[in-house]
Amino acid sequence: MAYLKRLKQYSLNCLLLISCITILQSVVAAERELPAELIAELKPRCDKMMQDIRDNKMDDIIKEFHPMLQTWNEGKLAKKMAMLSINGYKNEMFGQIPLDKIVFSEQESSFRDPSKDNIGQYPDMTNMADLHYNFYFVRPDGRKQKGSVNCILFEAAGKWYFEDNLPF
């Protein structure tokens, strides 16, 4: 009887270990480091996108989307996604953080695996890059807090486009 209990416990421990290894492998696979050349190409575009969001430049924002999003439903979804980001930047909780206070974090930036939804929307998608930025802000109640924004782009047919989930 004691032997069966130990065997059962051993089996559970093995299953737990295998589960942990599988989860760790998927996390490591999902977060691959971005090469410096790609950061040099995409970071200026992210910086400009944040400026366009701050400056309410709807047309410039929409031009950075994939052509399918720009034209789908007469561009209404692209305009809606751009407006959500513009309004997010104006959010009083953040107090419209000056863009020079938003700092790029190379260590937190990485490749991402496209989701099934992403691939369903853009079948020619091959890569996704997540550029991460941090900032500090003072909440209305006076507390200082760390915030972050992500700039997510995807590669399709050899070109990089902004995902519809823009910073802010």
One pair to check against side chain to side chain contact (heavy atoms under 4.5 Å, CB included): Asp124 and His66. What are the steps and the verdict? CA-CA 11 Å; Asp124 57 347; His66 191 280; 3.9 Å; yes

Taking the side chain as every heavy atom from C-beta outward, state whether Leu34 and Leu131 have any atom pair closer than 4.5 Å. yes

Minimum heavy-atom distance between Glu155 and Gly158, given as atom pair plus value: OE2-CA, 4.0 Å

Where is the tightest heavy-atom contact between Leu69 and Ala78, given as atom of each residue plus distance? O-CB, 3.7 Å

Any side-chain donor-acceptor pair under 3.5 Å between Asp47 and Tyr133? yes

Is it the case that over 12 heavy atoms from other parts of the model lie below 6.0 angstrom from the NZ atom of Lys79? no

Considering all heavy atoms, the nearest Lys90-Asn56 contact: NZ-ND2, 3.8 Å

Taking atom types as modelled, is there a side-chain donor on Glu108 or Asn134 under 3.5 Å from an acceptor on the other? yes

Run the ring-centre check on Tyr161 versus Phe65 and record whether the distance is less than 6.0 Å. no

Are side-chain heavy atoms of Phe162 and Cys151 found at a separation under 4.5 Å? yes

Would a 4.5 Å heavy-atom cut-off, applied to side chains only, mark Pro35 and Phe111 as touching? yes

N-O pairing of Lys63 and Asp59 below 4.0 Å: no

Are Tyr136 and Tyr89 linked, directly or through intermediate hydrophobic residues, by side-chain heavy-atom contacts shorter than 4.5 Å (ILVMFWY only)? no

Candidate pair Arg54 and Ile86, rule side chain to side chain contact (heavy atoms under 4.5 Å, CB included), full reasoning: CA-CA 7 Å; Arg54 178 197 63 200; Ile86 289 167; over 6 Å; no

Taking C-beta and beyond as the side chain, do Pro114 and Thr126 meet within less than 4.5 Å on heavy atoms? no

Backbone of Ser115 reached by a side-chain donor or acceptor of Asn118 within 3.5 Å: yes

Stepwise salt bridge (charged side-chain N to carboxylate O under 4.0 Å, His left out) check, Asp113 with Arg32: CA-CA 9 Å; Asp113 289 329; Arg32 299 174 310 238; 3.4 Å; yes

Would a distance-only check, ignoring hydrogens and angles, find a side-chain to backbone donor-acceptor pair under 3.5 Å from Ser105 to His132? no

Keeping the roles fixed (side chain from Arg45, backbone from Glu64), state whether a donor-acceptor pair exists under 3.5 Å. no

If you compare all heavy atoms of Trp160 against all heavy atoms of Glu41, which two are closest, and at what distance to 0.1 Å? CD1-OE2, 3.6 Å

Would you find a donor on one side and an acceptor on the other, under 3.5 Å apart, between the side chain of Asp141 and the backbone of Arg143? yes

For Pro167 and Met49, work out which heavy atoms get closest and say how close. CD-CG, 4.4 Å

Would a hydrophobic clustering, with Ile, Leu, Val, Met, Phe, Trp and Tyr connected at side-chain separations under 4.5 Å, put Ile39 with Val103? no

With a 4.5 Å heavy-atom cut-off, do Arg112 and Asn127 have their side chains touching? no

On a heavy-atom basis, which atom in Phe168 and which in Ser85 lie closest, and how many Å separate them? CB-O, 3.7 Å

Is the shortest side-chain heavy-atom distance between Ser109 and Phe104 below 4.5 Å? yes

Indicate, with yes or no, if Ile119 and Met68 share a hydrophobic cluster defined by side-chain heavy-atom contacts under 4.5 Å among Ile, Leu, Val, Met, Phe, Trp and Tyr. no

